[in-house]
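Every value quoted in this text rests on a predicted model; they were computed, and no experiment measured them.
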Amino acid sequence: MKKLIYISMVASSLLVADSDMELLQKQMNEQQAVIQKLLGKIEKLEQTSTQKDAPKKALVQEKKDTREYKHYSNRTKTFGQAAYLPDISVVGDMSYVSRDRKDGELQHLEVPGVAHGLLASHNHDGDSHSPYNAKNGFNLNYAELGLSKSVDPFFSFNSIFHFSESGVEIEELYFTTTALGYNTRVKGGKFNSDFGYLNSKHHHAWNFADMPLVYESFLGMHGINEKGLQLQWTAPTSNYLMFGLEALQGENEQMFGNSEIHLEDMNTTALGGIDPAPAKKAPSLFIGYIKSSFDIGDTTVLGGVSYAKGSSRIDHTGDEEGPHAFSGDSELYGIDLKVKHYFDSYSSLEWQSEILSRKMEGTQYALNTAGDALVSPSMTKKQSGLYSELLYAPNKSWRMGARIDSIFKNDVIANGVNQDKPDNLNKYSAMVEYYTSEFARLRLQYNHNKALYNEDGQRNDINSIILQANFAIGAHGAHSF
C-alpha cells in the first residue's frame, strides 16, 4: 500500500515542468499530509483486525489441541496395537534326496574318531535326532517362526522357534541393547554364537543344503547355540573392527558340556571302581573373537579369528551300539575369511573359507571288546579341518557354486598310543540354485562324501542328490554379509 502511494506521487511529479517547481513543492507537501493520514488509518485498521481475529485463532488452536489429545487418548486406551505388534516371519524348508545307500546303512557310518550320525536319523538318550535331508525321498526339514521388535529406545527383542516333525524347540530367544553408547552392545538369552563366520547363520542363509563337514563333525548340526551373555565393542576406526566376548552355559552336544555322566547307563555292572564323571559349574564355555572388514574398490574382504574354551561332557552312554562317554576339557580355534567382488548390483563372485582346529583332553569311557567291563583310558584328540566355497552369481535369479570339505588332521591318542585313525577325510559338493524372488529359492546339489566309515573300518563312499526348496514370508530382515 505504501509503495503504491509513493510510486503514484513520483510519477505525477515527473509531469510537471521546471517552472512550476514552487507549485510542485506545495502539492507534495499536501500529498505528504494525506499519506500520513492514510498510514494512520491503515495501522488502526490492522490493530482492530488483529483484536477481532484473536478469539477465532484461539478457538481453532483449542479445537486442534483437543483433537490431538483425543487421538492420543484413544491410542492409549487401545494400547496402540498396530504400533506394538512384532515383526513376524515364517521360513519353510523341504527337500527330495536320492542317495546310493539305504537309510538303514547310513545309521552305522561315522567319521572315525570324530563323530557319528551325521547323515541319518539316530537315537541318543532315548530321543530321536534327525539331521537335515536325513532320509531318501521327501523330507520336511523344518519351519522357522521368527518374532522380533524394538522394545523401547534401550532394547530390541528377537525370538526364533524351530518346528520339525520330531517337535518344537526355542532356537533363539534374546534381547539386545540399543543405547549403551561407546560402540558397545550386549546380547543376552539363547542365541547362535558369533564364533567364526558360519555359526551365527541360520540354515536358510547357508550357501549349500548341508552344513560343512568340519562344522557338523566338531559342533553338531546346531553349532554353538547356547544360553548366555555376549559383549561386543566396535572400534571407532575407518574400517570395521569388532571385538567380542561370550560367556555361555556350555551344553554343546558334540564337543562341550558340563552335566554329570552316569556310567551305570552303559548296561554293565562291572564298573571296576571307576567313578562317574562329575558335573562342572556353569557357565563353562567362554569365547572370544576379533573380526575386521575393508573394501578394495568393488571388492569386500571380511575376516576373523576366534577361540573357545570349555569343559567337555560328551554322554553317549545310552546309545544302543557302542555306548561311550568323554569327560575333559576342550579348546577350539577358528580362522575365517570371505572375499566378495561385485561386477554390478546383482552379479558377483565370492570365496568363503574357514579352518577349525580343536584339542580335547580327558578320559574316554567305553566297554571292552567283550562288552563285560568298563575301560577308561586317558584320551587326547588333536583334529583340524576346513571348508572352502566358491560361488558365482551371473544375475539376481541364478547362482552356482562348489565346495570342498576336509578333516586333514585326526590324531587320537589313548593312554599315550596313537590310534592311527584315518585322516584326509574329504567331501565334495556342487550346486546350482534359482531364485524366483528374494523370498523363494530352488536348489539342486550333488555331494560325493569320502569321509564315512563302517564299524569294520571300511570307507563307504556316498553319492547324494538333493533338490531343496526354501520359502520365506513376512517381515524377514536382510542377512548379514
J.: Just wondering, do Pro212 and Leu198 contact through their side chains at under 4.5 Å, heavy atoms?
T.: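 Yes; the side chains approach each other to less than 4.5 Å.
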J.: Step by step, would you call Glu226 with Asn252 a side chain to side chain donor-acceptor pair (under 3.5 Å)?
T.: CA-CA 8 Å; Glu226 296 271 356; Asn252 179 265; 5.3 Å; no
J.: Side chains of Asn192 and Ser200: any donor to acceptor distance under 3.5 Å?
T.: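 Side chains of Ser200 and Asn192: no pair found under 3.5 Å.
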J.: Does the side chain of Asn199 reach to within under 4.5 Å of the side chain of Asn225, using non-hydrogen atoms?
T.: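 No. Closest side-chain heavy atoms not under 4.5 Å.
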J.: May I ask you to decide if Asn463's main-chain N or O and Asp100's side chain share a donor-acceptor pair within less than 3.5 Å?
T.: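 Side chain of Asp100 to backbone of Asn463: a pair is present.
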J.: Answer yes or no: is there a donor N or O on one side and an acceptor on the other, between the side chain of Ser406 and the main chain of Asn426, under 3.5 Å?
T.: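 Absent.
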J.: Please determine which of Thr176, Asn183, Asp194 meets the side chain to side chain donor-acceptor pair (under 3.5 Å) test together with Gln232.
T.: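 Exactly one option meets the side chain to side chain donor-acceptor pair (under 3.5 Å) with Gln232, and it is Asp194.
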J.: Report yes if the side chains of Ser259 and Asp315 come closer than 4.5 Å at any heavy-atom pair, otherwise no.
T.: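 The answer is no, as the side chains (C-beta and beyond) never meet within the 4.5 Å cut-off.
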J.: If I take atom CD from residue Glu350 and atom OG1 from residue Thr299, how far apart are they, to the nearest 0.5 angstrom?
T.: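 Interatomic distance, Glu350 CD to Thr299 OG1, rounded to 0.5 Å: 12.0 Å.
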J.: Around atom OH of Tyr392, are there more than 12 heavy atoms from other residues, nucleotides or ligands closer than 6.0 Å?
T.: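 Check passes, neighbour count above 12.
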J.: Within a 6.0 Å radius of atom CD1 on Ile170, are there more than 12 heavy atoms belonging to other residues, nucleotides or ligands?
T.: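 No.
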J.: So, do Leu332 and Phe195 sit near enough that their side-chain heavy atoms are less than 4.5 Å apart?
T.: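 Answer yes - side chains close enough.
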J.: Are Leu425 and Leu452 packed together at the side-chain level, in the sense that at least one heavy-atom pair is separated by less than 4.5 angstrom?
T.: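 No - every pair of side-chain heavy atoms lies 4.5 Å or more apart.
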J.: CD of Glu105 to CZ of Arg99: how many Å apart, nearest 0.5 Å?
T.: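 One finds 12.0 Å between CD of Glu105 and CZ of Arg99.
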J.: State whether Arg399 and Glu433 are salt-bridged, where the test is any N-O pair (Lys NZ or Arg NE/NH1/NH2 against Asp/Glu carboxylate O) under 4.0 Å.
T.: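 Result for this pair is yes, salt bridge flagged.
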J.: Which value, rounded to the nearest 0.5 Å, describes the distance between Gln230 atom CD and Phe191 atom CZ?
T.: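 Between Gln230 CD and Phe191 CZ, I get 5.0 Å after rounding to 0.5 Å.
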J.: Is the terminal nitrogen or CZ of Lys201 (NZ for Lys, CZ for Arg) located under 6.0 angstrom from the six-membered ring centre of Tyr197 and within 45° of that ring's axis?
T.: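 Satisfied, under 6.0 Å and within 45°.
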J.: In terms of ring plane angle, is the pair Tyr446 and His448 parallel, tilted or perpendicular, where the classes change at 30° and 60°?
T.: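 Rings of Tyr446 and His448: parallel, under 30°.
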J.: Indicate, with yes or no, if the rings of Phe326 and His324 have centres closer together than 6.0 Å.
T.: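 When the ring centroids of Phe326 and His324 are compared, they turn out to be at least 6.0 Å apart.
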J.: Counting only N and O atoms by type, is there a donor-acceptor contact under 3.5 Å from the side chain of Ser293 to the main-chain atoms of Val301?
T.: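 Yes, the answer is positive, given that a donor and an acceptor are paired below the 3.5 Å cut-off.
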J.: Where do Leu147 and Phe157 land on the side-chain contact (heavy atoms from CB on, under 4.5 Å) test, with the steps shown first?
T.: CA-CA 8 Å; Leu147 304 172; Phe157 188 72; over 6 Å; no
J.: Hey, are His203 and Glu144 close enough side-chain-wise for a donor-acceptor pair under 3.5 Å?
T.: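 Not at all, the side chains of Glu144 and His203 share no donor-acceptor pair under 3.5 Å.
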J.: Heavy-atom count around Phe408 CZ within 6.0 Å, excluding the residue itself: above 12?
T.: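 Correct, the count exceeds 12.
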J.: Between the side chains of Asn133 and Ser95, is a donor N or O closer than 3.5 angstrom to an acceptor N or O?
T.: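 A donor-acceptor contact under 3.5 Å links the two side chains.
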J.: State whether Lys409 and Asp423 are salt-bridged, where the test is any N-O pair (Lys NZ or Arg NE/NH1/NH2 against Asp/Glu carboxylate O) under 4.0 Å.
T.: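 A salt bridge is absent here (no side-chain N lies under 4.0 Å from a carboxylate O).
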J.: How long is the gap from OG on Ser164 to CG on Asn139, to the nearest 0.5 Å?
T.: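 Rounded to the nearest 0.5 Å, the OG-CG separation comes out at 12.0 Å.
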J.: If we count only N and O atoms by modelled type, under 3.5 Å, do the side chains of Tyr215 and Glu354 hold a donor and an acceptor together?
T.: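 A pair is found: one side chain offers a donor N or O, the other an acceptor, under 3.5 Å apart.
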J.: Look at atom NZ of Lys280 and say whether more than 12 heavy atoms of other residues, nucleotides or ligands are closer to it than 6.0 Å.
T.: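 No, NZ of Lys280 has 12 or fewer neighbouring heavy atoms, counting only those of other groups under 6.0 Å.
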J.: Are Leu248 and Pro283 packed together at the side-chain level, in the sense that at least one heavy-atom pair is separated by less than 4.5 angstrom?
T.: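 Not touching, per the 4.5 Å side-chain cut-off.
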J.: Side chains of Gln254 and Ile314, heavy atoms from C-beta outward: is any pair under 4.5 Å?
T.: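 No, every pair of side-chain atoms sits at 4.5 Å or beyond.
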J.: Any salt bridge between Lys338 and Asp336, counting N to O under 4.0 Å?
T.: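 A salt bridge is absent here (no side-chain N lies under 4.0 Å from a carboxylate O).
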J.: Between Arg403 and Asp210, is there a salt bridge with N-O shorter than 4.0 Å?
T.: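 A salt bridge links Asp210 with Arg403.
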J.: Whether the side chain of Arg313 engages the backbone of Pro278 through a donor-acceptor N/O pair (distance < 3.5 Å, no angle test) should be reported.
T.: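 Looks like yes, one N/O pair under 3.5 Å.
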J.: Going by distance alone, is a donor N or O of one side chain under 3.5 Å from an acceptor N or O of the other, for His108 and Glu455?
T.: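 Yes, a side-chain donor-acceptor pair sits under 3.5 Å.
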J.: Without hydrogens or angle criteria, can the side chains of Gln468 and Asn470 be said to hold a donor-acceptor pair below 3.5 Å?
T.: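 On atom types as modelled, these side chains do not qualify, holding no pair under 3.5 Å.
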